[in-house]
Amino acid sequence: MNVLHFVGAFFGDGAHWHGYDGIPTRLLEHLRYSLVAFAIAAAVGLPAGLLTGHTGRGGNVLAFLATAARALPSFGLLVLMFVLFGFGLVPVMVPLVVLAVPPILVTAYEAVRSVDPSPVDAARGMGMSESRVLFQVELPVALPVVLGGLRSAAVQIVSTATIAAYVSLGGLGRYIIDGLYQHDYEKVVGGATLVAALALATLALFWAAGRLAVSPGVRRAR
């Protein structure tokens, strides 16, 4: 039996569309975990990256922290958090946030540092405050790269949020974990297909956001 047969059988089974283990319920759970982790990671990574990029100070420390965070295994961190905190969202949120902060942090920093200094100097010469220089001059130009970091983080979170099922939570990972345990490969393939589709939908969402948020002049320059 090939993969396409498993996919067709999974989505064609009406039982997978209803109840606590139905696709809508598991999808909403997965989205909730992903959105919470993404919001926390963006709240941590964006201000730090933009500020260090604007001031030009702390770049080495930022690079060290980002590299250290990337070296941490998500599953190992999940197990450690579960041992420390037990059941709940905290053991899941910590590895997802640690996974997502580095791309947001580094790309925000690099995006601001790569802005042409001429308009920045001109804005300062006109008496604009540092906050206005950052948000009105640097950020609009840096926005495509910043969105790229956010997109990368979001896709990584969506793809990795399946680990929630390892600590008895829900989400699309439930199909993969339960399917492996039950030797139900139809469920495993169906769950993996849903995760892949959600990751592709996330990419499309950020592409649309970039088209709307980035000015045409900046897009052409890129």
Side-chain angles (χ1 to χ4, degrees), residues 1-46 73-75 77-79 81-82 85-101 103-104 147-213:
M1 302 178 76
N2 58 33
V3 172
L4 292 179
H5 175 83
F6 284 136
V7 171
F10 177 81
F11 289 102
D13 188 346
H16 290 146
W17 294 94
H18 305 286
Y20 73 93
D21 197 38
I23 292 173
T25 301
R26 294 305 187 198
L27 181 60
L28 287 175
E29 290 171 344
H30 199 95
L31 286 172
R32 180 165 65 93
Y33 304 150
S34 300
L35 288 172
V36 171
F38 180 76
I40 296 172
V44 173
L46 266 183
S74 297
F75 185 72
L77 196 54
L78 172 73
V79 174
M81 291 300 105
F82 178 73
F85 297 103
F87 290 100
L89 273 180
V90 172
V92 177
M93 289 299 110
V94 171
L96 291 180
V97 171
V98 169
L99 176 72
V101 165
I104 297 175
L147 285 175
L150 291 171
R151 180 184 65 237
S152 176
V155 171
Q156 289 182 53
I157 288 175
V158 166
S159 302
T160 312
T162 52
I163 62 175
Y166 278 101
V167 289
S168 300
L169 293 180
L172 298 176
R174 193 78 265 158
Y175 293 128
I176 299 173
I177 301 303
D178 291 348
L180 289 172
Y181 179 75
Q182 300 163 1
H183 300 287
D184 185 349
Y185 298 110
E186 174 188 307
K187 186 178 287 189
V188 173
V189 173
T193 302
L194 285 168
V195 174
L198 187 57
L200 291 174
T202 303
L203 286 173
L205 179 64
F206 274 92
W207 177 84
R211 298 290 295 180
L212 292 173

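Shortest non-hydrogen contact noted between S34 and A161 is OG-CB, 3.8 Å. Considering every non-hydrogen atom in both G170 and A164, the closest pair reads O-CB, 3.9 Å. Between G179 and V188, the closest heavy-atom pair is C-CG2, 3.4 Å. Listed here is the closest heavy atom pair of Y175 and I23: OH-N, 3.0 Å. Taking both residues in full, the closest heavy atoms of V92 and G88 are given as CG2-O, 4.3 Å, listed atom of the first, atom of the second, then distance. Across all their heavy atoms, A199 and V158 have their closest contact at N-CG1, 3.9 Å.
Atom OH of Y181 sits about 12.5 Å away from atom NZ of K187, to the nearest 0.5 Å. How far CG of L169 is from NE2 of H30: 12.0 Å, rounded to the nearest 0.5 Å. Here the CG-OG1 distance, from L78 to T160, works out to 11.0 Å after rounding to the nearest 0.5 Å. In this structure, CD1 on I40 lies 9.5 Å from CG on L96, to the nearest 0.5 angstrom. Taken to the nearest 0.5 Å, the CG atom of L172 stands 7.5 Å off from the CG atom of L31.
A salt bridge is defined here as a Lys NZ or Arg NE, NH1 or NH2 lying under 4.0 Å from an Asp or Glu carboxylate O, and R26 with E29 meets this definition.
Checking side-chain atoms of T193 against main-chain N and O of V189 turns up a donor-acceptor pair under 3.5 Å. Under the 3.5 Å distance criterion, the side-chain polar atoms of Y185 are left unmatched by any main-chain donor or acceptor of V3. Judged by distance alone, with hydrogens and angles left aside, the side-chain atoms of T202 form a donor-acceptor pair with the main-chain N or O of L198 at under 3.5 Å. Between the Y33 side chain and the T162 main chain, no donor and acceptor come within less than 3.5 Å of each other.
Between F11 and W17, the ring planes are tilted. Angles from 30° to 60° get that label.
In this structure R151 satisfies the side-chain hydrogen bond (donor to acceptor under 3.5 Å, both in side chains) test with no other residue, sequence neighbours excluded. Applying the salt bridge (charged side-chain N to carboxylate O under 4.0 Å, His left out) criterion to E186, with sequence neighbours excluded, gives no partner residue. Looking at residues two or more places apart in sequence or on another chain, you find a ring pair (Phe, Tyr, Trp, His ring centres under 6.0 Å) between Y166 and F75.
Residues V98 and M81 form no side-chain contact, since every pair of their non-hydrogen atoms from C-beta on lies 4.5 Å or further apart. With a 4.5 Å cut-off on side-chain heavy atoms, D184 and D178 do not count as touching. Looking only at side-chain heavy atoms (C-beta outward), I104 and V101 stay at 4.5 Å or farther from each other.
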* Dump the intermediate steps for side chain to side chain contact (heavy atoms under 4.5 Å, CB included) on L194 and L27, then the final yes or no. => CA-CA 8 Å; L194 285 168; L27 181 60; 5.8 Å; no
